[in-house]
S.K.: 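This is the structure, below, for whatever I ask next.
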Amino acid sequence: MLTRYSLRRSLPLLFGLFALLFGLLLLSIELPRSEREALESWRKHTGQMLALQQSSLADHLRQGRMEELHTELADLGSLEDVRWAAVLDQHQQIIAATRLGLQLPQQSGLDDVGLQRVLASGQSQWLAQPRERFLAVYPLDNQAQHALLVGFDFSHSLRLIQHNTWLFLAEVLALLLVLGIVLSLLYQRLVTRRLALIEQATHQFAAGLDDARAQVTGADEISRLGHSFNHMIEQLQHQQQALRASQQLLSTLIDAAPIGMMVVDQALRVEQANPAAASLFNCSPDELLGNQPQDRLLERDAVKRLSQAPANSNLEFTALRDGQVITLEVSMTPFQRDAREYYLVLLRDISDRKQAEQRLRFLAHFDPLTQLANRNQLLQRLELLVGAGCPLALLFIDIDHFKRINDTLGHEIGDRLLAEIAERLRQHMPANSLLARSGGDEFVCLLEGANADDGKNLGSELLNLFNQPFQVRQYSCNVSPSIGLTLCNGQQGSASDLLKQADLALYAAKDAGRNGLALFTPELSRAAELRQQLEQELRLALEREEFELFYQPQVDASGQAQSMEALLRWRSPSRGLVSPADFIPVLEETGLILEATRWVFRQACRQARRWQSEGRHWRIAVNLSPLDFRQHDLAGQLLQILADEQASAAWLELEITESALLDDGPQVRDCLARLKIAGLPLFLDDFGTGYASLTYLQQFDFDGIKIDRQFVANLPDSPQSVALVRGILTMAAQLGLEVVGEGVENERQAAFLLLNGCQRLQGFYYAKPQPAEVCEQARGFARGAQLC
Ligand code: C2E
Ligand code: CA
Ligand code: CA
């Protein structure tokens, strides 16, 4: 109970209690004891005194000295505690008394009989009476005829004793009080105050005062307690600082975390949120407090899904931010705090990822430029239909000469045109059809459940769609398609077979002059097979060196051969001598042309060196394919061959067709510039057949041009050809270009060309392409000097 009070109070209280108990004890023991002792001592003393009085009074009676008797009796009556005294005779009559008119029965409390009996005993007696009164009876002779009766009242003495006892008690208590105060002061100085200092320091520390210390001096237990306390506080301070630092770090990390974090209670109500979580909803963290899932998430079953999801599993929800729907990835991790269940909620904005996924999904199945299905989707659909045995028609649509649009109007216009074409096609697509862009300028239409007529009808409708030009910005583009059609009755063929068939039909449409529809036939397949076979044979031919070079001279006005054009021949073991027109396109398509060109150039170098060493100063013209310019470092390779074969660049010429220059990127320019710098003369072949011959002449530093044989063929009868060839020759003269007339077959053509300033002539009129040794045997190529 005492521990309820502070030590400052409990000690005096304890002391007071002790004093009280002590006093009570003292009172209960001391008072009766001192009363008893006082009474005994008083009786002893009074008894002795009365014994003396007894004999003295007896003497006086015996002697009849009544006066002395009275005097002595009066002395007795004057004694303290003596109320009255009387001497009785044998009749129990008062013969002397200290009071006049003393009523004996009244004062003694004894009636006559009682008195007589007492007196009859002849003994001295003390009779106790109420209220601390006593009656002493002393016989004054042996016959008990006279007796001394004294009434005592001891109450006054007793009160005195009590008074003294109380006084003693008070003194003791006062002493105890003084002692208590002194002890308390000492106690306060040594214990309470010093403990209070420790307590005060504790409060200060609890209140956050960092330098709170208990200033307790000395070497006793309390000062040791103080030191231990101070030490403990220092340690606590260090721990608190470390804790604060780590809490600070933690809260900084949480605040800076790029991921949204929230603490929610069991009702999923937000209790804490970091800035990243708030920024997901474009609000402040405070605005999130108290929110529940339904306040922010759009899904109605958000609470149910969150509550039922296993811990740490990722769920996806949508929410609104600035009116825009965002996708959130949410996970919840349960934890305990203050014996209550909470959840740490992690939120991530995965809208970008979702969009990227959607975009990827879209890209996996759609063409981003035209929004049409892509080749992938087409294949999947086709495989599905073929697998299900569904009859169908497949139309392969390719835009004729689309490359020209890109080359002349730029790729941006090209792309827009493709989008326009796609849109026009799409609008015309019947139900149960799938239109896809399979790449570049190729579209494929898949018509489900179609027969031959359906396919053909759709094909011609699509062709008609291109009758109207397409308007792209300021350009009105007239383009035409070539369409390959194949049909499947659902019985045979695989998806890739069908695509191949449509592709072959498309090539047939192109071969037939473009802007048309061609239906796949088994013959096309056979032709393709033959082509495949040719391709394989050509590969072998390159390996086995089955190629030869024929040379056709280019002669000057005097009939002297200036240069020899190297023309490739293939002496096939199975096919005989094959014309380049039959295999050069195949070499180009397969990429084998690159190897062929290197072979031709090397042979030309060797032949040139041979002829030069024999004194035949014929330059050799080598044809380059447009494909050659796509190979890496064409110039470097040719110059390397030149160096390998120790041939001079001046012994050779290069003939480049316009189509090689259509793709006039920096690679082509650099290549031509390097060859030119190396000293190789450059000639623009088939001049006039291309589209922008004059532009090329201006852009590239050519040494000469070769007028295409289609213009020469009609000379000199066709006024158009005459005008054109004259124009070319005039322009070339102005530009300082050498001109070679190709395909000269008769004298009139030769005469016209020479007359109009053409420096060199080439054609069957002078010589057909022949093996080198045949050319060497010819004596000359002048008119009349027959073919070598
Ligand atoms: P080209 O460069 O225009 O070569 C000239 C073609 O015209 C040669 O046909 C030649 O035989 C033919 N020719 C020459 N004079 C006359 C004539 O008076 N009348 C007629 N009708 N034709 C004449 P060839 O040898 O069949 O070559 C055809 C094409 O093959 C060449 O046309 C050239 O583009 C290509 N070619 C030939 N050899 C090579 C080669 O080594 N590399 C490359 N890339 N292409 C080559
Ligand atoms: Ca040529
Ligand atoms: Ca030519």
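This chain uses plain numbering: 1 for the first residue, then up along the sequence. Atoms within each ligand, like the ligands themselves, are counted from 1 in listed order.
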S.K.: Any atoms of ligand 1 less than 4.0 Å from a non-hydrogen atom of E745? List them with their elements.
M.R.: 17 (C), 18 (O), 19 (N), 20 (C), 21 (N)
S.K.: D497 and S494: side-chain donor and acceptor closer than 3.5 Å?
M.R.: yes
S.K.: Under a 4.0 Å threshold between the charged nitrogen and the carboxylate oxygen, would E535 count as salt-bridged to R531?
M.R.: no
S.K.: Step through it carefully: locate the ring centre of F583, locate the ring centre of F547, and say whether they are under 6.0 Å apart.
M.R.: yes
S.K.: For ligand 1, note which part of K768 has a heavy atom under 4.0 Å away: side chain, backbone, both or neither.
M.R.: neither
S.K.: Distance alone, cut at 3.5 Å: any donor-acceptor contact between the side chains of D628 and T597?
M.R.: yes
S.K.: If you draw a 6.0 Å radius around CZ in F366, do more than 12 non-hydrogen atoms from other residues or ligands fall strictly inside?
M.R.: yes
S.K.: Pull out every atom of ligand 1 sitting under 4.0 Å from any heavy atom of P580, numbered as shown with elements.
M.R.: 24 (P), 25 (O), 26 (O), 27 (O), 28 (C), 30 (O), 37 (C)
S.K.: Taking the basic N atoms (NZ, or NE/NH1/NH2) and the acidic carboxylate oxygens, is any pair closer than 4.0 Å for R526 and E529?
M.R.: no
S.K.: Applying salt bridge (Lys or Arg N to Asp or Glu O under 4.0 Å), run through R598 and E595 and close with a yes or a no.
M.R.: CA-CA 5 Å; R598 286 196 292 272; E595 203 182 328; 5.4 Å; no
S.K.: Within a radius of less than 6.0 Å around NZ of K676, do more than 12 heavy atoms belonging to other residues, nucleotides or ligands occur?
M.R.: yes
S.K.: Which is it for R602 and E545 under the salt bridge (Lys or Arg N to Asp or Glu O under 4.0 Å) test, yes or no, and what are the steps along the way?
M.R.: CA-CA 13 Å; R602 191 176 293 279; E545 298 212 35; over 6 Å; no
S.K.: Considering only heavy atoms, which of N623, V712, L627 lies nearest to atom 43 (C) of ligand 1?
M.R.: N623
S.K.: Answer yes or no: is there a donor N or O on one side and an acceptor on the other, between the side chain of R437 and the main chain of G440, under 3.5 Å?
M.R.: yes
S.K.: By number and element, which atoms of ligand 1 are closer than 4.0 Å to a non-hydrogen atom of V600?
M.R.: 41 (O)
S.K.: With a 4.0 Å heavy-atom cut-off (strictly under), which part of D708 contacts ligand 1: side chain, backbone, both or neither?
M.R.: neither
S.K.: How far apart are the C-alpha atoms of E548 and R569, what are their side-chain angles, what is the distance that settles it, and do they pass the salt bridge (Lys or Arg N to Asp or Glu O under 4.0 Å) test?
M.R.: CA-CA 5 Å; E548 289 176 16; R569 299 288 182 270; over 6 Å; no
S.K.: What N, O or S atom of E655 is found closest to the Ca ion (ligand 2)?
M.R.: OE1
S.K.: Which ligand 1 atoms does D685 reach within 4.0 Å, using its non-hydrogen atoms?
M.R.: 2 (O)
S.K.: If we only count N/O pairs under 3.5 Å, is F764 in contact with ligand 1?
M.R.: yes
S.K.: Has D685 got an N, O or S atom lying less than 3.0 Å from the Ca ion (ligand 2)?
M.R.: yes
S.K.: With respect to the Ca ion (ligand 2), please indicate if N623 possesses an N, O or S atom at a distance under 3.0 Å.
M.R.: yes
S.K.: Does any N/O atom on L568 come nearer than 3.5 Å to any N/O atom on ligand 1?
M.R.: yes
S.K.: With a 3.5 Å cut-off and no angle check, do the side chains of R610 and Q607 form a donor-acceptor pair?
M.R.: yes
S.K.: Between ligand 1 and G743, can you find any atom pair, the residue atom being a heavy atom, that is separated by under 4.0 Å?
M.R.: yes
S.K.: Measure the distances from the heavy atoms of K706 to every atom of ligand 1 and state whether one is below 4.0 angstrom.
M.R.: no
S.K.: Are E742 and ligand 1 in contact, using a heavy-atom cut-off of under 4.0 Å?
M.R.: yes
S.K.: Could you walk me through whether K403 and D441 pass salt bridge (Lys or Arg N to Asp or Glu O under 4.0 Å), step by step?
M.R.: CA-CA 9 Å; K403 194 172 184 311; D441 58 346; over 6 Å; no
S.K.: Decide side-chain hydrogen bond (donor to acceptor under 3.5 Å, both in side chains) for D398 and S482; before the verdict, give the C-alpha distance in whole Å, the side-chain angles of both, and the deciding distance to 0.1 Å.
M.R.: CA-CA 5 Å; D398 184 277; S482 295; 5.8 Å; no
S.K.: Please state which option from L549, L567, T689 has its nearest heavy atom closest to atom 37 (C) of ligand 1.
M.R.: L567
S.K.: Geometry only, no angles: is E655 polar-contacting ligand 1 at N/O separations under 3.5 Å?
M.R.: no
S.K.: So if I count the atoms of ligand 1 from 1 in the order they appear, which ones are less than 4.0 Å from some heavy atom of R569?
M.R.: 25 (O)
S.K.: Would E565 count as a contact for the Ca ion (ligand 2), in the sense that one of its N, O or S atoms lies under 3.0 Å from it?
M.R.: yes
S.K.: Under 4.0 Å from a heavy atom of D686: give me the atoms of ligand 1 that qualify, with their elements.
M.R.: 3 (O)
S.K.: Short N/O distance, under 3.5 Å, between Q762 and ligand 1?
M.R.: no
S.K.: Any atoms of ligand 1 less than 4.0 Å from a non-hydrogen atom of Q552? List them with their elements.
M.R.: 10 (C), 14 (C), 15 (N)
S.K.: In ligand 1, which numbered atoms sit nearer than 4.0 Å to a non-hydrogen atom of P769?
M.R.: 11 (O)
